[in-house]
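One structure is given below, encoded as structure tokens.
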Amino acid sequence: MITGPEPLHFDSYGGTNPMVTAYINVSSVPRVYGIGANLPLLVRDHPGEMREMVKAAAKRGDPDIAYVLRKATEAGKGPLGPQAPRHRVELAPGAIWFFNAKTVSHEVLYGAGAVGISWEVPGCGAQMQADILKGLA
């Protein structure tokens, strides 16, 4: 597992249903994350910028907006760039954090060992990235 640093991003691994991810800190030191805006808030608060990113991805034939957002962030652009607000979270050794890594932006600031496990959760009512972004295309 990446131990940081990494940019603020959304995960983009497979699945056809909403997912929940558990990150387990298996190290003897805290694992430190920055948590940013969730995808529905970005669409609500930055519709023009998000629309342009979706259009740019579509022009390139790239269906994965999470990857597009991550690359923009790495370049210091977009609503998840270096200026985006973050909440710092420290996971103590042995702590487990459950969240939807596809719709909650996050970054690893520091950490040693971690294990990530994800489960699809069909019918839970959570939206997929494509559903959230549908109105922007």
Side-chain angles (χ1 to χ4, degrees):
M1 162 98 33
I2 295 172
T3 58
E6 67 177 351
L8 199 57
H9 68 281
F10 297 103
D11 286 358
S12 58
Y13 46 85
T16 56
N17 290 298
M19 297 183 104
V20 64
T21 299
Y23 284 140
I24 307 163
N25 184 1
V26 295
S27 173
S28 61
V29 298
R31 188 166 177 85
V32 183
Y33 287 88
I35 310 301
N38 65 44
L39 191 55
L41 286 178
L42 289 178
V43 169
R44 184 194 74 193
D45 296 345
H46 303 276
E49 196 170 6
M50 294 298 291
R51 185 175 294 108
E52 291 305 313
M53 295 177 104
V54 169
K55 286 181 182 177
K59 282 182 186 175
R60 286 195 314 272
D62 187 348
D64 190 351
I65 190 61
Y67 179 78
V68 172
L69 282 169
R70 184 180 186 124
K71 288 301 175 188
T73 300
E74 288 172 349
K77 302 174 184 173
L80 293 180
Q83 76 289 350
R86 290 151 168 82
H87 179 74
R88 183 181 169 104
V89 174
E90 292 191 20
L91 296 181
I96 303 173
W97 175 33
F98 289 94
F99 75 117
N100 184 342
K102 290 185 174 187
T103 60
V104 175
S105 63
H106 56 284
E107 63 186 347
V108 177
L109 300 173
Y110 175 80
V115 173
I117 304 168
S118 297
W119 299 269
E120 286 194 20
V121 188
C124 70
Q127 290 183 297
M128 300 284 288
Q129 289 172 345
D131 297 329
I132 296 166
L133 298 167
K134 197 180 298 180
L136 294 176

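These numbers come from the heavy atoms of this one structure, side chains and all, not from hydrogens, waters or symmetry mates.
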Could you pull out every donor-acceptor pair under 3.5 Å between side chains of residues 111-119 and any protein atom, sequence neighbours left out?
{"from": "Ser118", "atom 1": "OG", "to": "Tyr13", "atom 2": "OH", "distance (Å)": "3.2"}
{"from": "Ser118", "atom 1": "OG", "to": "Thr21", "atom 2": "OG1", "distance (Å)": "2.9"}

Shared hydrophobic cluster, Phe99 / Leu91 (ILVMFWY, side-chain heavy atoms < 4.5 Å): yes
hydrophobic_cluster_shared for Val104 and Val89, side chain cutoff 4.5 Å: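 Hydrophobic grouping puts Val89 with Val104.
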Value rounded to 0.5 Å, distance of CG in Leu41 from CE in Met50: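 Those atoms lie 11.0 Å apart.
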Nearest-0.5 Å distance that lies between atom NZ in Lys102 and atom CD1 in Ile132: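 Lys102 NZ to Ile132 CD1: 11.0 Å, rounded to 0.5 Å.
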Looking only at heavy atoms, which two atoms of [X] and [Y] are closest? And how far apart?
X: Pro79; Y: Met53; value: CD-SD, 3.9 Å
X: Ser105; Y: Ala37; value: OG-O, 2.6 Å
X: Glu90; Y: Val32; value: CG-CG2, 3.7 Å
X: Ala84; Y: Leu8; value: CB-CD2, 4.2 Å

Treating [X] as the side-chain partner and [Y] as the backbone partner, does any N or O pair qualify as donor plus acceptor under 3.5 Å?
X: Thr103; Y: Asn38; result: no
X: Asn25; Y: Val29; result: yes
X: Arg88; Y: Arg86; result: no
X: Glu49; Y: Leu42; result: no
X: His87; Y: Gly34; result: no

pair Met128-Pro18: side-chain heavy atoms closer than 4.5 Å: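 Heavy-atom side-chain distance check passes, below 4.5 Å.
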Side chains of Leu80 and His9 in contact at under 4.5 Å (non-hydrogen atoms):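 Contact flag for Leu80/His9 side chains = no.
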Stepwise side chain to side chain contact (heavy atoms under 4.5 Å, CB included) check, Val108 with Tyr23: CA-CA 11 Å; Val108 177; Tyr23 284 140; over 6 Å; no
Derivation of the side chain to side chain contact (heavy atoms under 4.5 Å, CB included) call for Val121 and Asn100: CA-CA 10 Å; Val121 188; Asn100 184 342; over 6 Å; no
Whether His106 and Tyr33 hold their rings parallel, tilted or perpendicular, with breakpoints at 30° and 60°: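 Tilted.
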